[in-house]
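Right, one structure below, let's go through it.
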Amino acid sequence: MSYISELQDVIRRLHGAESKHVQSVPVKEMFQGKTVWEGIVEVFELVDHPKVPRVYAWSQDTDDPKKPKRHVTVLHIAPILSAEAAVKAAIVQEFRSLEPTEN
């Protein structure tokens, strides 16, 4: 299975829609002068999705030997209107999931 097909499979399972690959966008996200994420974001048009025209997707390696790869999808909904904004949103979400919570 190709990388694009793999991402399309994830999109189908998570968002219930077929997709068409549109473009590959290189993104480098910097924070305080350091690179926090660098990679290629794949942009897909969603076919017959009732609310969203496109989705941004990529995969990244993890430190978990049981799940060495993690797929990320971010829907094109304001304020996320670009590949760069999708990466920023995913980084913020990941950071929030690592924060300790009060009990």
Side-chain angles (χ1 to χ4, degrees):
M1 177 181 282
S2 76
Y3 178 61
I4 297 299
S5 297
E6 183 180 315
L7 290 174
Q8 287 175 310
D9 186 49
V10 171
I11 292 165
R12 187 178 310 109
R13 281 183 312 179
L14 292 178
H15 304 292
E18 296 299 321
S19 60
K20 177 183 163 199
H21 185 249
V22 178
Q23 65 180 345
S24 301
V25 179
V27 175
K28 183 174 185 177
E29 186 57 35
M30 306 285 289
F31 182 72
Q32 295 181 343
K34 295 182 180 171
T35 302
V36 293
W37 192 90
E38 185 172 9
I40 305 294
V41 175
E42 304 301 339
V43 183
F44 296 87
E45 282 184 12
L46 291 173
V47 178
D48 296 328
H49 192 280
K51 297 178 181 173
V52 183
R54 57 181 44 186
V55 64
Y56 306 97
W58 62 92
S59 68
Q60 54 194 47
D61 295 333
T62 71
D63 294 329
D64 184 351
K66 293 178 184 170
K67 288 190 173 188
K69 193 187 294 187
R70 181 171 81 97
H71 295 93
V72 180
T73 65
V74 181
L75 294 172
H76 178 90
I77 299 172
I80 300 163
L81 302 176
S82 69
E84 293 82 2
V87 168
K88 286 179 185 177
I91 290 169
V92 168
Q93 183 65 36
E94 186 174 341
F95 179 76
R96 285 184 179 154
S97 73
L98 298 174
E99 289 181 337
T101 57
E102 290 184 40
N103 291 334

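As a basis for the values below, the full set of heavy atoms in this structure was taken, side chains included, without hydrogen atoms, waters or symmetry mates. Residue numbers run from 1 in the order of the sequence given.
The side-chain heavy atoms of W58 and V25, taken from C-beta on, include no pair separated by under 4.5 Å. By the 4.5 Å heavy-atom criterion applied to side chains, H76 and L81 are counted as neighbours. Looking at heavy atoms from C-beta onward, I4 lies in side-chain contact with F44 at the 4.5 angstrom threshold.
With hydrophobic clusters built from ILVMFWY side chains whose heavy atoms lie under 4.5 angstrom apart, F31 shares a cluster with V27. Under the 4.5 Å side-chain heavy-atom criterion for grouping Ile, Leu, Val, Met, Phe, Trp and Tyr, V52 is not connected to L14 through any hydrophobic cluster. Clustering ILVMFWY residues whenever any of their side-chain heavy atoms sit less than 4.5 angstrom apart, transitively, puts V43 in a cluster other than the one holding V10. Under the 4.5 Å side-chain heavy-atom criterion for grouping Ile, Leu, Val, Met, Phe, Trp and Tyr, V36 is not connected to I40 through any hydrophobic cluster.
The salt bridge (charged side-chain N to carboxylate O under 4.0 Å, His left out) test applied to R12 returns D9, E18, not counting sequence neighbours. Judged as a side-chain hydrogen bond (donor to acceptor under 3.5 Å, both in side chains), and not counting sequence neighbours, T35 has no contacts. Contacts of H71 classified as ring-ring contact (aromatic ring centres under 6.0 Å, His included), with partners at least two apart in sequence or in another chain: none. Partners of K51 under the salt bridge (charged side-chain N to carboxylate O under 4.0 Å, His left out) rule, at least two apart in sequence or in another chain, do not exist in this structure.
Nearest heavy atom pair, residue P79 against residue A85, reads O-CB, 4.2 Å. Minimum heavy-atom separation, T73 to A57: CG2-CB, 4.0 Å. In plain terms, the two heavy atoms of I80 and L75 that are nearest each other are CG2-O, 3.8 Å. The two residues Y3 and S59 make their nearest non-hydrogen contact at OH-N, 3.0 Å. When all heavy atoms of A17 and V47 are compared, the pair lying nearest together is CB-O, 3.9 Å. The minimum heavy-atom distance between V22 and E45, with the atom names listed, is CG2-CG, 3.3 Å.
To the nearest 0.5 angstrom, H15 atom NE2 is 7.5 Å from L46 atom CG. Between the CD atom of Q60 and the CD atom of E38 there is a distance of 13.0 Å, given to the nearest 0.5 Å.
Within the structure, salt bridge (charged side-chain N to carboxylate O under 4.0 Å, His left out) contacts touching residues 73-89 (residues at least two apart or in different chains) do not occur. Evaluation of the salt bridge (charged side-chain N to carboxylate O under 4.0 Å, His left out) test over residues 58-69, restricted to residues two or more places apart or in two chains, returns E6-K69.
In this structure, a donor-acceptor pair under 3.5 Å is absent between the side chains of H21 and Q8.
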